[in-house]
Amino acid sequence: MTVTAFGPGRVNLIGEHTDYNNGLALPFAIADGVRVTAEPLDGDHIEAIASDLGEEDRFDAADPPPAEGWRAFVRGMVAELGDVDPARLTITGTIPQGSGLSSSAALEVALALALLGTDEGLDRIALAQLCSRVENAWVGAQTGLLDQLAALLGETDAALCIDFRSLEVTPVALELGDWRLVTVDSGERHTHAGSGYNERRAECATACERLGVPSLREATPDAVAGLPEPLRSRARHVLDENDRVTQTVAALGRGDREAVGALLDASHASLRDLYEASTPAVERTADALRAAGATGARMVGGGFGGHVLGLLPPGVALPRGATVVMPGPGARLL
Ligand code: GLA
């Protein structure tokens with residue numbers, strides 16, 4: 001049977017670079033994403049067509065060899081799922097790669113559902129972990145679980161408060177009234193396998209070793225203050241960012257959108273100054289959003305380029321190039 005699966009991209013309201021530190025984040029799935037159609041094939045191969053790129057791939061379904069780029073995702077997914085029937089996969093998407101809205105996880109989860117042929121009865125947390133293994137082992141990006149959990153567990157009208165230590169996921173109603181969340185593309189692209197992302201992750205691991213803690217979730221501000229730079233700044237960002245997630249959930253609960261905007265700005269400043277994950281193009285985009293009337297603006301995703309999120313109060317016109325984003329459902333068959 002031919003099936004088409006959709007994997008959404010995600011926006012992370014707040015909680016950046018916390019996932020691989022057993023921390024907290026508050027993402028939601030969006031309407032843009034990736035579609036994968038799987039048609040059964042005779043023989044023993046997988047054929048994959050990346051329509052937007054005009055590229056193709058073909059490999060043994062039982063023994064996918066390693067590859068680069070988008071092919072690594074497809075081959076890795078077939079290998080990690082195991083026992084996959086021969087199929088022709090056609091892939092199309094509406095999120096530019098490396099733009100901070102997680103085209104990677106959108107592709108992974110759409111591939112997974114298309115190859116499994118179902119969206120029911122799945123352990124979606126285990127599936128997120130499998131998708132993450134594809135990214136870590138096949139693509140070479142040491143990313144955490146943020147994007148995959150958002151893409152698989154997304155809910156209409158709610159952000160997801162994720163505790164990455166317990167993997168507890170709590171929907172948080174995103175009631176903004178006449179306020180709007182928008183994204184603007186900085187135009188700059190990254191790959192997590194190639195940017196500073198893996199380096200930041202390694203710095204956090206070194207900080208944990210020095211502090212003798214299993215993750216930065218167990219680190220105290222006093223202990224962090226004794227670390228050498230740049231480890232001190234990296235760890236401080238993570239501890240503060242976890243606090244900002246908790247504060248954002250509280251601010252949303254009491255309808256205090258000004259406070260949410262201030263938290264977005266604080267997160268951005270910390271990612272720029274302590275985590276050093278910003279770029280001139282990202283800064284210009286965030287400044288332009290604030291100049292256009294946004295109450296707060298911050299980079300989303302891994303940084304080093306990509307999209308910037310802004311919170312617009314009522315009556316502020318949509319800035320040029322801005323797209324309104326709101327929480328939508330997670331990955332599904334169409
Ligand atoms: C990327 C990674 C996620 C997460 C964010 C930063 O999107 O894929 O796992 O680490 O960066 O919060």
Side-chain angles (χ1 to χ4, degrees), residues 7-30 32-34 72-73 76 95-109 125 128-154 159-165 167 169 183 186 188-205 215-217 234 237-242 244-245 248 264 267-268 270-272 274-279 282 298-309:
R10 62 99 190 89
V11 158
N12 191 14
L13 185 56
I14 200 158
E16 220 66 89
H17 289 281
T18 50
D19 62 345
Y20 53 84
N21 287 307
N22 273 356
L24 304 171
L26 196 57
F28 57 89
I30 58 175
D32 279 308
V34 174
F73 289 89
I95 311 177
Q97 288 173 44
S99 71
L101 301 179
S102 194
S103 61
S104 303
L107 173 60
E108 291 154 22
V109 304
I125 292 194
Q129 288 166 325
L130 184 148
C131 291
S132 169
R133 282 203 299 280
V134 171
E135 198 156 327
N136 294 169
W138 289 76
V139 180
Q142 300 308 313
T143 50
L145 269 181
L146 170 75
D147 309 337
Q148 293 81 3
L149 286 175
L152 282 162
L153 298 174
L160 306 172
C161 184
I162 305 176
D163 182 329
F164 291 93
R165 182 161 57 178
L167 290 186
V169 179
T183 54
S186 72
E188 203 165 346
R189 299 286 171 257
H190 58 239
T191 65
H192 290 327
S195 74
Y197 186 95
N198 285 349
E199 185 184 289
R200 292 291 174 279
R201 184 160 184 164
E203 286 166 347
C204 290
S215 80
L216 286 180
R217 190 71 180 275
R234 308 295 188 250
H237 163 75
V238 173
L239 266 57
D240 294 351
E241 188 76 353
N242 286 335
R244 281 189 285 267
V245 173
T248 303
L264 298 186
S267 169
H268 184 85
S270 178
L271 285 160
R272 180 191 59 215
L274 300 180
Y275 223 69
E276 294 183 276
S278 192
T279 67
V282 168
R298 61 179 290 278
M299 66 181 89
V300 273
F304 304 102
H307 277 75
V308 175
L309 176 71

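Both ligands and their constituent atoms are indexed starting at 1 by order of listing. These numbers come from the heavy atoms of this one structure, side chains and all, not from hydrogens, waters or symmetry mates.
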Give yes if a backbone or side-chain nitrogen or oxygen of [X] is under 3.5 Å from a nitrogen or oxygen of ligand 1, and no if not.
X	value
E135	no
G302	yes
D147	yes
D19	yes
R10	yes
G144	yes

With sequence neighbours excluded, tell me which residues meet ring-ring contact (aromatic ring centres under 6.0 Å, His included) with Y275. H17, H237
Stepwise, does the salt bridge (charged side-chain N to carboxylate O under 4.0 Å, His left out) test hold for E276 with R200? CA-CA 9 Å; E276 294 183 276; R200 292 291 174 279; 5.2 Å; no
Between [X] and [Y] (side chain of the first, backbone of the second, donor and acceptor by atom type, cut-off under 3.5 Å), is there such a pair?
X	Y	value
H307	S99	yes
E241	E16	yes
D19	D147	no
R298	S267	no

Heavy atoms only: which of T143, T18, L145, L146 lies closest to atom 5 (C) of ligand 1? L146
Minimum non-hydrogen distance to atom 12 (O) of ligand 1, winning option of Q142, H17, Q148: H17
With a cut-off of 4.0 Å, which atoms of ligand 1 are near a heavy atom of Y20? 10 (O)
Per-atom contacts of ligand 1 with Y197, taking only distances under 4.0 Å to non-hydrogen atoms: 1 (C), 2 (C), 3 (C), 4 (C), 9 (O), 10 (O), 11 (O)
Nearest non-hydrogen partners of T18 and A25, listed with the distance: OG1-CB, 4.0 Å
